[in-house]
Amino acid sequence: MEQIVSLISAFFTEPGPGGIFVLLVISLAGAVYFILIRWILQGDESGLPIPSKMLKSYRQLSSRR
Amino acid sequence: MRARLINKHEAAILAPLRDFTNADRLLWAILVGLIAVGGYAYYQQWTFGLGVTGLNRPVYWGVYITNFVFFIGLAHSGTFISAILRLAGASWRKPLVRAAEAITIFSLPFGVSSILIDMGRPERAFNIIFYGRFQSPLLWDFTAVSLYMFSSVVFFYLSLLPDIALCRDRLTEAPAWQRQMYRLLALGWEGNPEQYHRLEGVLDGMAIFMTLLVVTVHTVVSWVFGMTLQPGWHTALIGPFFLLGAIFSGTAAVVIALAVLRRVYHLEDILPINLFNSLRKLLIVFTLGWLYMMVAEYLTIYYGGVTEEMLVFWQKFTDDFAGMFWLMVLLVFVIPLFIFVFLGKDRIGWMVTACVLVNVGMWLERYVVIVPTETRPRLIYELVLGDYSPTWVEGAITAALFSGMILLYAAFTRYFPIVPVWETAEEAEEKPGETVTAPRRRWGTVGKTAPK
Amino acid sequence: MGFGFFYMRWSMVIDLDKCVACQGCSVACRFENNTPVVKPDEAIKGRAIRWNDVFPLPINPKEETGEYPNVKTRYLTRPCMHCENPPCVKVCPVQATFKNEEGIVQQNYARCIGCRFCTVACPYGVRYFNWHEPEWEGSLATHLNPDRLEGDGDLEGPAIRPKGIVEKCTFCIHRLQKARARADSEKRAFRPDEYIPACVQTCTGKARFFGDLDDPNSTVSLLAKSPRAFRVLEDVGTHPKVIYLKEG
Amino acid sequence: MLTVDPQDKAKLINPLFVATPRFWIAASALSAIVAWGLFMYARQLILGLGETGMNRPTYWGVYMVNFIFFIGISHAGTLISAILRVTGAEWRRPITRVAEAITAFALVVGSLQIIIDMGRPDRLIFVILYGRIQSPILWDVISVTTYFLGSITYLYLPLIPDAAILRDNCPPNAPVWQRLLYTVLAIGWRGTREQWMRLEKAIAFMAVFIIPVAVSVHTIISWILATTVQPGWHSSIFGPYFVVGAIFSGIGALFIAMTAVRKVLGLENYIAERQYRNLGLLFVTMNAIWAYFTYAEQLSIAAGQQLEEFPILASKLWGEFAPTFWVMVVLMIVAFWILLVPKLLPASLESVPFFRRRYALASGGAAAITLFLINTPQPSLLNVLITSLTGVAVTDAAAQTLGWILLIVFIIGIGLGVSPWLKARPVTASVIASACVVVGMWLERWNIILPTMTHPRLIFESIYQPTFTELSLTAASLALFALMFLVFFKLFPAVSIWEVAEGRVIEEAKSKITIPAPAPSEEAKQLRRWGIKKG
């Protein structure tokens, strides 16, 4: 318990982790966006099989609207 | 699977991209000139230090920070209109999402640069990454704002993607560099139905994420003030209050942008007057909400009557900042509410007037939240206590920031369609009569079981 | 350091009964710490830097302090409070300001980015911003204190500050460092009474006391228990280590 | 003579004229509790407020908590039904009556709490005789009264056509007093076109009018606390925070009430899953907003660390109010999970073993064991276990850390395991979530009032323990609330008959414009590609 507390407090009070956290968040977001954009562009009707079952629900969603 | 029909307004939407006029050149030249003046002012500040501004002890934060909060607030317009209304399923938003989102991505950079301009040592900005301490609310701000800026650019770009492809295919007479730009930015978009499905799925998902970001960003911006101990700032309400004000000024800015676009680019058919009426209802709710927060804030302070808090309170209500404060109340609440309720219906001119007043008022509101607190510190003694008047440097830089935003916006509308062609095409398709399927609504299970 | 190195908790006691508001502390501080001198027109704008300030109380000029000739004016002399729970440290995004093991709130001129969050967050207004490049007129420029704390990305103490950064009272931390180094070179343990800041040394009325609050027999510890003892703005939860003794 | 759909008649009207034994048992049980409460109140009246656990400085206790809680519950109704009416949400129709009834009854019970809490209830009239408008109590009296009158009207207006329907469709064996009641309440409603139009107009006006009143009521209640300078109360966020909390708990109460009505009266065809789904979305949103406000409130105290403010937060986080505070937080998280996660769960994931009930049980067992192991004396059994299993000697702190992480993992496991079960039962899930929220919101009011009361600036800190009198009166208040509900829905239809019928008409009109989908033409297929030549 003590260790968790000191670890959490170190994250907040020490110089460095904050900057790393920012970079982490931004690069994570960048990676996610990159993958998403690529996934969208790969959407080819005839070509690849549908990669995820979620897609099906999107299709239902949009056809219902 | 939904069929996609050609947008019947396509020609009208693409028209501004085809005729680039002298009026544009003049506008751009004026804006660039203003930016140059601002650049010179910043050069002065860089060379001689922040002493060239009106800032002093104890008013350490002034116009720049006001600009920061204001620009970030303005930026929430786009996300609010597109993401939150997307989630709420308000389909009337479709023609105006791009115009609104463009405000987001073109005002955010100026919010961020306001912070850099305000820094005493801007060349040490990277220290925040090297030595970032997460206990400081500034780091929360840095994380949230940079993520917001990044995400909104992606969100904007994604919804623009099909239209860039459209430009690539339609604007064959454009100069070579422009066509090359479209080709590169379109990323080989083909417009398969599958691509559209994925795109919409991602946009829906991102809308939720962006909504959370909007709330986080402006709350965190407010906490830069709220987390200190200073009277007038240290209040728990400041988060929701800033957030509401941000969405309010942002929505008002959307009205202004829409009205200008409608007039200048002759988009009367595409941006019908109904849009303004829908926004008017939203704005009425925001105006009342703003008053509610205002009363909640100041009534609590007044009844508490804590000595230090009251000094700031009277600064705003009767003393040095009274003129500004009451002008702000007039501009944000009294006049706009009157216009929205009694004059705004079907009258774009009145709506724009009110919205300009709201935005001026919201800038003043940010100023009146930030500066009066600093002029009544607990323990600072100066001969002229808290006598802050901005210098020409601050004025020029502020003008340059606003010019920069307008310039980017104006330039954008000349190179990209400001009304989403693909999203409004979908809209046209769904009108009853020419539709493929009319939306069938289920009425619980009553409709099924109860005999008619 | 092998000579029984242990941490102190440095603290200052100011007896307002003895204070004559001569501003000697402010002058001593200015010369000890190379505080830049600003021109009168800048000073009137509120850009003077006074790590140690002496000012009338209450500060709000509009508040009634009695009718002439029965005017009651009081003065407060104010260094940095070196709070146990400093609001400035909490808001600094890059740890340019921090509280060291001995409770002194330090300021690193080499890292500060000039965002002025700490100046805004400090309820005591002890932090000062360098609005311009510092300058000294005439012979003042030739009599600067050469002391400084430096090294490994640090620049502290009386070192000349660049423009655009924040500075503050350090309890003359360079004197502490020098005293420690002297004890070290003489191969003996450092005694708390070997170090006092310049303002304590110069105080005309002997109103200022300095020492280790952790030592129950030190002067400051004894004075801190006085019924006259109080701390400024106690209710904001900063727990200052500068303790005042009430007038009268 | 107003006619009515035969199914509506069977489901909604006929039960009003048949008193089942179940009804009599429930009514007499509730009446007994209320009678006991009356007795205890009489005792308190005679012996004085000393019968309660209140003391110096805890001048306000459970009664005040109940007051804020019940007034909060009252926001269920009016605000929700009014907002839904104004925004034209069609799905509101079957639940408006229940919602509005909650408002009226919760207001009665809530106002009663204030009278119970008063030292001299006989001097209640002094508030009017010597009322000082500077006091927030006076604002409260004004706004609560306005709200009460408004919501009674708002309940009554849509009831007029229903009363007329009942008057005209009484079964032949209906008692005379009941006939008379409906005739009086119908005030000569004949259902002419002009009457309908005026009624709709009146309801529309009341809906707009009641929203600001409802918002003002809970804001002003919060100001009773916030306009003092007491640490923990003197916070400008209280107004919106209380309103959000009120709507939040109100939706919870509405869920419970409408499920009760649905189950007892068998109204599954009226109050359908659509109502649960939409109201559930509203519920989740309010949950998120409530969490946002709570966080903003606590964080500003935590960051300030002012001498008087901080001990109050500390008492909630790890002091004597920690149990109620953390139970509240956990309940809210559980409600959030129940409402959201099953909805997000794709059907395909149900084949994964994590999402079985067996797994939830196993995780629950594991969590219990872990909790036990963590709390054994040092060196904990957990440590011994890890050392013997892996052969690696770990420090006690590391073992504890591991134990807590495991515990969280197991709890998430329980949540995942029960999610498909909850997904299959949206009604049960909503009720569980609502129960969590309603209890949590009561605790929230407790956590706002009492820590400040027991940590004053200049009075020695105290401990507050509610006595039997207070608990009895709380139970009696709840019973009174339920009893009023029971009697009301014994006399009036739980679903607004005419509004539902109107909904059907609108629905039918809408469905007529549906055009069957033609096959896409060749031209459309070509245009679908945006004129882009593929390949």
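Heavy atoms only: backbone and side chains are in, while hydrogens, waters and symmetry mates are out. Quick note on labels: first sequence line is chain A, next is B, and so on, each numbered from 1.
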D:Y292 side chain to B:T219 side chain, donor-acceptor N/O pair below 3.5 angstrom: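 A pair is found: one side chain offers a donor N or O, the other an acceptor, under 3.5 Å apart.
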Check: D:T227/B:Y302 side-chain N/O donor and acceptor closer than 3.5 Å: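 No, no side-chain donor-acceptor pair sits under 3.5 Å.
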Side chain, backbone, both or neither of B:L243 within contact of chain D (heavy atoms, under 4.5 Å):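 For B:L243, the side chain is the part near chain D, not the backbone.
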Contact class of B:Y292 relative to chain D, heavy atoms under 4.5 angstrom: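 For B:Y292, the side chain is the part near chain D, not the backbone.
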Between [options], which has the largest tally of heavy atom pairs under 4.5 Å with chain B?
options: D:L299, D:I289, D:T228; result: D:L299
options: D:S222, D:A302, D:P212, D:P240; result: D:P240
options: D:S216, D:A303, D:P136; result: D:A303

To the nearest 0.5 Å, tell me how far [X] [atom1] sits from [Y] [atom2].
X: D:Q305; Y: B:L229; atom1: CD; atom2: CG; answer: 9.0 Å
X: B:H234; Y: D:S236; atom1: NE2; atom2: OG; answer: 9.5 Å
X: B:Y303; Y: D:S135; atom1: OH; atom2: OG; answer: 7.0 Å

By a 4.5 Å heavy-atom criterion (distance strictly below it), what part of [X] contacts chain B: side chain, backbone, both, or neither?
X: D:Y241; result: neither
X: D:Q134; result: both
X: D:V243; result: side chain

Worked check of side-chain contact (heavy atoms from CB on, under 4.5 Å) between D:F238 and B:T300: CA-CA 9 Å; D:F238 263 37; B:T300 316; over 6 Å; no
Which atom of D:H234 lies closest to which atom of B:G304, heavy atoms considered: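 Looking at all heavy atoms of both residues, the closest pair is CE1-CA, 3.3 Å.
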Candidate pair D:I237 and B:T235, rule side-chain contact (heavy atoms from CB on, under 4.5 Å), full reasoning: CA-CA 7 Å; D:I237 205 171; B:T235 141; over 6 Å; no
Sub-6.0 Å ring centroid separation between B:W223 and D:Y295: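 Yes.
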